[in-house]
S.K.: 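This is the structure I want to talk about, given as structure tokens.
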Amino acid sequence: MGSSGSAKPRSRLFDRRGAPNLPVMRSIGPIHIIGGGLAGSEAAWQATRRGVPVVLHEMRPDRSTAAHKTGQLAELVCSNSFRSDDADGSAIGLLHAEMRHLGSLVMQTADTHKLPAGGALAVDRDGFAAAITAALERNPLVEIRREEIGELPAEWDSVIIASGPLTSPALAETVRALTGEDALAFFDAIAPIVHRDSIDFDVAWFQSRYDKAGPGGSGADYVNCPLTRSQYDDFIGALLAAEKISFHEFEAATPYFDGCLPIEVMAERGRETLRHGPMKPFGLTNPRNPSPKPYAVVQLRQDNKLGTLFNMVGFQTKLKHGEQVRLFRTIPGLANADFARLGGLHRNTFLNSPQLLDGTLRLKAAPRLRFAGQITGCEGYVESAAIGLLAGRFAAAELLGEAPSLPPPTTAHGSLLGHITGGHIETIDKGPRSFQPMNINFGLFPPLGFEPPRPAITPENGRREDRSQVRKRALCLRALSDLDAWITGAMPHAAE
């Protein structure tokens with residue numbers, strides 16, 4: 001698959017002609033999937049792998065959103081990174097590995113369109129979306145309808161709502177009426193993108209943190225712009241004073257998701273907060289001036305396959321556009337920055353899933369409806385796709401007369417599902433509900449139940465491994481072993 005999505009993939013998911021490897025079509029009713037984002041696209045793919053037909057409803061391009069720019073399925077509207085691909089020591093890398101084991105279209109396409117990004121898995125966003133769209137368009141069991149869905153016809157026996165955090169007002173109202181609750185909302189901000197040829201490489205340099213190479217990377221995959229202490233102090237002062245986008249009255253109480261805070265909100269929490277967040281200088285050395293170390297560093301990561309665009313890592317913002325240009329051009333190396341896209345802000349919605357959904361993501365009040373993706377209260381591209389993967393498998397099994405098989409709670413899929421559908425504990429005191437969007441993390445996994453072996457001394461540097469890293473590796477090994485047993489049917493599925 002090239003960046004245009006025109007070349008045909010070669011893998012067990014496709015035949016030699018590039019068509020999906022599917023079972024014989026079964027004469028059963030279709031699953032109606034609302035939303036063609038990562039979750040909806042993955043759900044459609046997984047259902048058709050069982051021979052179950054799908055109608056995929058996507059309102060774009062006829063009606064767009066504040067964040068989308070195209071009509072492609074699975075468009076990435078924020079970062080182009082799927083985060084760490086380390087399946088031995090990171091929860092998100094483990095989720096990547098599990099999805100590959102489960103035949104994920106999203107992960108196969110991400111692997112095909114990966115870009116240099118150190119230890120992370122980043123993708124060419126245009127090539128990625130084009131390839132997902134092409135794969136579903138040529139799937140004989142998928143019918144794509146470009147239309148907005150506001151009402152849910154009673155004759156639709158199986159529905160997956162994967163409309164995402166930017167659910168249209170009409171559908172959101174339908175969901176509110178079905179649940180009897182107001183959906184919570186939070187703000188999600190977008191980082192700017194810079195043209196590479198406008199970066200001053202007499203000041204900036206290429207290096208990954210601690211020189212770590214990852215999928216498609218070399219260990220020198222990020223552009224680094226160094227700041228001295230005085231430059232950092234000046235930047236923080238100007239950031240705090242800069243003019244920001246004002247909220248409408250009804251949006252004033254809407255919280256941010258902590259994993260995607262605007263930089264100005266982080267700065268308001270303390271002048272050193274950014275230096276220990278997206279501007280941390282650790283693990284980086286300026287080859288032209290190795291001593292002293294920079295006090296802070298702004299990193300940019302490749303955003304497209306051509307390498308012509310780089311996004312400002314962690315620089316989500318709600319500053320007005322003119323303020324962004326003025327302020328970000330004060331960063332060393334970006335004095336003449338040409339911005340392909342400036343930062344922005346959009347409002348997200350999600351359900352109180354632990355109260356509203358059952359263990360297979362069905363709405364308790366209307367079991368013909370399932371939810372998938374960010375609207376369930378997971379956060380992140382990969383997490384959304386993973387929940388879509390499960391929703392597609394569950395819905396297909398149900399239509400085939402089978403009991404949906406839940407992933408073991410020791411796996412990344414099982415732990416994420418558990419958090420969404422029942423792992424969260426409500427606060428005792430009355431007030432705003434405490435369930436919040438969450439990325440996959442090891443805190444969602446059941447404890448090991450044993451003490452991992454004493455950390456070994458690594459031959460690379462002669463140092464003893466960190467005990468927490470040994471524990472994380474043990475959790476990953478257990479998860480992949482249990483997942484494979486579940487896939488082969490050797491392990492009974494978790495109780496609903």
S.K.: On the 0 to 90° scale, with breaks at 30° and 60°, tag the Phe339-Phe328 ring pair as parallel, tilted or perpendicular.
M.R.: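 Tilted.
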
S.K.: Working note: Asp85 + Arg100, criterion salt bridge (charged side-chain N to carboxylate O under 4.0 Å, His left out); need CA distance, chi angles, decisive distance, verdict.
M.R.: CA-CA 12 Å; Asp85 201 43; Arg100 292 180 178 116; 3.1 Å; yes

S.K.: Where do Thr273 and Arg271 land on the side chain to side chain contact (heavy atoms under 4.5 Å, CB included) test, with the steps shown first?
M.R.: CA-CA 6 Å; Thr273 301; Arg271 295 185 68 91; over 6 Å; no

S.K.: Are Val194 and Met312 side-chain neighbours, meaning at least one heavy-atom pair lies under 4.5 Å?
M.R.: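 Yes, side chains in contact.
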
S.K.: Might you work through the salt bridge (charged side-chain N to carboxylate O under 4.0 Å, His left out) test for Lys318 and Glu243, ending with a clear yes or no?
M.R.: CA-CA 9 Å; Lys318 58 172 182 170; Glu243 196 173 359; over 6 Å; no

S.K.: Ring centres of Phe445 and Phe442 under 6.0 Å apart?
M.R.: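 Between Phe442 and Phe445, which both carry aromatic rings, the centre distance is below 6.0 Å.
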
S.K.: With sequence neighbours excluded, give me every salt bridge (charged side-chain N to carboxylate O under 4.0 Å, His left out) pair touching residues 325-337.
M.R.: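 Applying salt bridge (charged side-chain N to carboxylate O under 4.0 Å, His left out) to every pair that reaches into residues 325-337, excluding sequence neighbours, yields Glu323-Arg326.
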
S.K.: Any side-chain heavy atom of Ile387 within less than 4.5 Å of one from Glu383?
M.R.: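 Side chain of Ile387 against side chain of Glu383, heavy atoms only: no contact under 4.5 Å found.
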
S.K.: Quick check: closest heavy atoms across Met266 and Leu261, and the distance to 0.1 Å?
M.R.: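 Closest heavy-atom pair between Met266 and Leu261: CE-O, 3.4 Å.
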
S.K.: Got a sec, which residues hit side chain to side chain contact (heavy atoms under 4.5 Å, CB included) with Glu147, two or more places apart in sequence or on another chain?
M.R.: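 Counting only residues at least two positions away or on another chain, Glu147 forms a side chain to side chain contact (heavy atoms under 4.5 Å, CB included) with His57, Arg145, Ile149.
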
S.K.: Spell out, as yes or no, whether a donor-acceptor pair under 3.5 Å connects the side chain of Thr317 to the backbone of Gly343.
M.R.: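 Checking the backbone N and O of Gly343 against the side chain of Thr317, no donor-acceptor pair under 3.5 Å is found.
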
S.K.: Name all pairs fulfilling the salt bridge (charged side-chain N to carboxylate O under 4.0 Å, His left out) condition that reach into residues 272-292, sequence neighbours left out, sorted by first residue then second.
M.R.: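 Listed by first then second residue: Glu272-Arg275.
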
S.K.: Taking the side chain as every heavy atom from C-beta outward, state whether Arg125 and Glu75 have any atom pair closer than 4.5 Å.
M.R.: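 No, every pair of side-chain atoms sits at 4.5 Å or beyond.
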
S.K.: Kindly state whether the ring of Tyr295 and the ring of Phe235 have centres lying under 6.0 angstrom apart.
M.R.: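 Not under 6.0 Å, so no.
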
S.K.: Any chance you could lay out the side chain to side chain contact (heavy atoms under 4.5 Å, CB included) test for Gln299 and Phe315, step after step, and finish with the verdict?
M.R.: CA-CA 9 Å; Gln299 288 195 306; Phe315 262 57; over 6 Å; no

S.K.: With rounding to the nearest 0.5 angstrom, report the OG1 to CG distance, Thr308 to Asp303.
M.R.: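 That separation rounds to 9.0 Å.
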
S.K.: Do Leu76 and Phe82 make a side-chain contact, defined as non-hydrogen atoms from C-beta onward lying under 4.5 Å apart?
M.R.: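 With C-beta onward as the side chain, the pair touches.
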
S.K.: Who are the side chain to side chain contact (heavy atoms under 4.5 Å, CB included) partners of Gln46, not counting sequence neighbours?
M.R.: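 Counting only residues at least two positions away or on another chain, Gln46 forms a side chain to side chain contact (heavy atoms under 4.5 Å, CB included) with Glu42, Arg49, Leu389, Arg393.
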
S.K.: Could you tell me whether the side chain of Gln324 and the main chain of Leu342 form a donor-acceptor pair under 3.5 Å?
M.R.: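 Not at all, since once roles are kept as given, no pair shorter than 3.5 Å links the two residues.
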
S.K.: Testing the 3.5 Å rule here: is there a donor-acceptor pair between the side chains of Lys293 and Thr285?
M.R.: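 Lys293 vs Thr285: donor-acceptor pair found between side chains.
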
S.K.: Drop me the distance from Gln302's CD to Ile193's CD1, to the nearest 0.5 angstrom.
M.R.: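 Here the rounded value is 12.0 Å.
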
S.K.: Determine, step by step, whether Arg301 and Asp221 satisfy the salt bridge (charged side-chain N to carboxylate O under 4.0 Å, His left out) criterion, reporting the C-alpha distance in whole Å, the side-chain angles of both residues, the deciding distance to 0.1 Å, and the verdict.
M.R.: CA-CA 7 Å; Arg301 179 180 56 232; Asp221 304 320; over 6 Å; no

S.K.: Kindly say whether Leu38 contributes a backbone atom to a donor-acceptor pair with the side chain of Ser41 at under 3.5 angstrom?
M.R.: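 Looks like no, no N/O pair under 3.5 Å.
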
S.K.: Among pairs that include at least one residue of residues 332-342, which meet side-chain hydrogen bond (donor to acceptor under 3.5 Å, both in side chains), considering only residues two or more places apart or in two chains?
M.R.: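 Residue pairs with at least one partner in residues 332-342: there are none.
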
S.K.: For the side chain to side chain contact (heavy atoms under 4.5 Å, CB included) test, which of Leu121, Leu115, Asp126, Leu309 pairs with Asn80?
M.R.: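 By the side chain to side chain contact (heavy atoms under 4.5 Å, CB included) criterion, Asn80 pairs with just one of Leu121, Leu115, Asp126, Leu309: Leu115.
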
S.K.: When rounded to the nearest 0.5 angstrom, what distance separates OG in Ser208 from CG in Leu284?
M.R.: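 Spacing of OG (Ser208) from CG (Leu284) equals 8.5 Å.
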
S.K.: Once you round to the nearest 0.5 Å, how far does CD of Gln316 lie from CD1 of Ile263?
M.R.: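 Between atom CD of Gln316 and atom CD1 of Ile263 there are 8.5 Å.
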
S.K.: Is any side-chain heavy atom of Val297 less than 4.5 Å from a side-chain heavy atom of Pro281?
M.R.: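 Yes; the side chains approach each other to less than 4.5 Å.
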
S.K.: Is there a side-chain contact between Ser353 and Leu351 (heavy atoms, below 4.5 Å)?
M.R.: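 Yes - at least one pair of side-chain heavy atoms lies under 4.5 Å apart.
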
S.K.: Locate the shortest heavy-atom distance separating His96 from Ser84; write the atom from each residue and the value.
M.R.: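 Taking every non-hydrogen atom into account, CE1-O, 3.1 Å.
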
S.K.: Would a distance-only check, ignoring hydrogens and angles, find a side-chain to backbone donor-acceptor pair under 3.5 Å from Tyr210 to Phe282?
M.R.: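 No: the side chain of Tyr210 does not pair with the backbone of Phe282.
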
S.K.: List the residues meeting side chain to side chain contact (heavy atoms under 4.5 Å, CB included) with Asn289, not counting sequence neighbours, and say none if there are none.
M.R.: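 If we apply the side chain to side chain contact (heavy atoms under 4.5 Å, CB included) test to Asn289, skipping adjacent residues, the hits are Asn286, Pro292.
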
S.K.: Do you know which two heavy atoms are closest between Pro407 and Thr411, and how far apart they sit?
M.R.: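 Pro407 and Thr411 have their closest heavy atoms at CB-OG1, 3.9 Å.
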
S.K.: Let's go through Ile33 and Val55 carefully: what are the C-alpha distance in whole Å and the side-chain angles of both, what is the deciding distance for side chain to side chain contact (heavy atoms under 4.5 Å, CB included) to 0.1 Å, and is it a yes or a no?
M.R.: CA-CA 6 Å; Ile33 300 177; Val55 179; over 6 Å; no

S.K.: In sequence, state the C-alpha distance, the side-chain angles, and the governing distance for His32 and Ile160, and then conclude on side chain to side chain contact (heavy atoms under 4.5 Å, CB included).
M.R.: CA-CA 6 Å; His32 288 268; Ile160 297 175; over 6 Å; no

S.K.: More than 12 heavy atoms of other residues, nucleotides or ligands under 6.0 Å from NZ of Lys320: yes or no?
M.R.: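 No, not enclosed.
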
S.K.: Between Arg146 and Arg60, what is the shortest heavy-atom contact and its length?
M.R.: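 The answer is NH1-O, 2.7 Å.
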
S.K.: Check for me whether the distance between the ring centres of Tyr222 and Phe310 falls short of 6.0 Å.
M.R.: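 Not close enough - the centres of the two rings lie 6.0 Å or further apart.
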
S.K.: Mind checking the OG-CD1 spacing from Ser163 to Ile34? Nearest 0.5 Å is all I need.
M.R.: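 Result: 7.0 Å between the selected atoms.
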
S.K.: Mind listing the closest non-hydrogen atom pair of Val203 and Pro226 along with its distance?
M.R.: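 Minimum heavy-atom contact is O-CD, 3.9 Å.
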
S.K.: Any heavy-atom pair between the side chains of Thr48 and Val142 that's under 4.5 Å?
M.R.: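 Side-chain contact under 4.5 Å: yes.
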
S.K.: Tell me, with the steps shown, if Thr228 and Ser230 meet side-chain hydrogen bond (donor to acceptor under 3.5 Å, both in side chains).
M.R.: CA-CA 5 Å; Thr228 64; Ser230 62; 3.2 Å; yes

S.K.: Which atom pair, heavy atoms only, marks the closest approach of Ala39 to Ala372?
M.R.: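 Heavy-atom minimum between the residues: CB-C, 4.0 Å.
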
S.K.: Hey, are the side chains of Asp234 and Thr330 touching, using non-hydrogen atoms and a 4.5 Å cut-off?
M.R.: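 Side-chain contact under 4.5 Å: no.
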
S.K.: In Å and rounded to the nearest 0.5 Å, what is the CG to CZ distance from Asn224 to Phe201?
M.R.: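 It is 10.0 Å, given to the nearest 0.5 Å.
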
